[in-house]
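Below is one structure; the comments refer to it alone.
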Amino acid sequence: TATNRLAGIFDGIIEAGKTISHTELTGRVMKKCNIKDSMAKRNITSALKAGFVSKNKAGMYFIKTNESETDESLPF
């Protein structure tokens with residue numbers, strides 16, 4: 001499905017705890033999927049709506065981390 005395709009594209013495209021610009025994200029999507037600029041931008045818009053990537057107030061993109069996963073991995 002389209003959701004699974006987006007998940008595959010954006011999985012690991014931004015390192016945890018890092019932010020990147022729209023230009024950098026567009027370039028990474030273009031390279032990973034071998035697509036042109038306009039399609040990469042459409043994928044980014046869809047990924048934002050679906051929650052695969054997030055955008056902060058400064059316009060930088062990041063991947064939300066799931067805090068519960070971190071809590072479960074602690075030994076206590």
Side-chain angles (χ1 to χ4, degrees):
T1 64
T3 304
N4 290 342
R5 184 182 56 78
L6 281 174
I9 293 170
F10 289 91
D11 182 42
I13 205 160
I14 304 173
E15 300 82 21
K18 305 259 181 173
T19 60
I20 62 172
S21 68
H22 185 266
T23 302
E24 176 67 22
L25 182 57
T26 302
R28 289 183 185 190
V29 173
M30 287 171 59
K31 185 176 180 180
K32 186 171 185 177
C33 301
N34 195 26
I35 56 176
K36 294 188 179 191
D37 184 73
S38 59
M39 190 62 192
K41 289 178 180 178
R42 274 189 246 150
N43 283 332
I44 292 168
T45 300
S46 297
L48 271 172
K49 289 179 183 174
F52 292 111
V53 293
S54 300
K55 188 174 173 182
N56 65 19
K57 291 181 182 179
M60 300 295 280
Y61 291 82
F62 63 97
I63 302 287
K64 287 185 180 177
T65 56
N66 189 344
E67 293 177 12
S68 64
E69 288 178 4
T70 305
D71 293 342
E72 291 173 8
S73 66
L74 295 175
F76 47 88

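Because only heavy atoms are used, hydrogens play no part in the values below, and waters and symmetry mates are left out as well, while side chains stay in. Bear in mind that the values here come from a model prediction, so they are computed numbers and not experimental data.
- Counting heavy atoms from C-beta on, the side chains of F10 and L48 never come closer than 4.5 Å.
- With sequence neighbours excluded, the residues satisfying side chain to side chain donor-acceptor pair (under 3.5 Å) with R5 are N43.
- Residues I35 and I44 fall within the same hydrophobic cluster, defined by Ile, Leu, Val, Met, Phe, Trp and Tyr side chains chained together at heavy-atom separations under 4.5 Å.
- Hydrophobic clustering, with ILVMFWY side chains joined whenever heavy atoms are under 4.5 angstrom apart, keeps M30 apart from I14.
- Here the closest non-hydrogen pair linking T26 and D37 is CG2-OD1, 3.3 Å.
- Here D11 pairs with nothing under the salt bridge (charged side-chain N to carboxylate O under 4.0 Å, His left out) rule; sequence neighbours left out.
- Listed by first and then second residue, the side-chain hydrogen bond (donor to acceptor under 3.5 Å, both in side chains) pairs involving residues 44-56 amount to none (not counting sequence neighbours).
- Taking the ring pair (Phe, Tyr, Trp, His ring centres under 6.0 Å) definition, one finds that Y61 meets it with H22, sequence neighbours left out.
- The list of salt bridge (charged side-chain N to carboxylate O under 4.0 Å, His left out) pairs with a residue in residues 19-35, not counting sequence neighbours, reads E15-R28, E24-R28.
- Looking at residues two or more places apart in sequence or on another chain, you find a side chain to side chain contact (heavy atoms under 4.5 Å, CB included) between T1 and T3, N4.
- No continuous path of ILVMFWY side-chain contacts below 4.5 Å connects F62 to M60, so the two sit in separate hydrophobic clusters.
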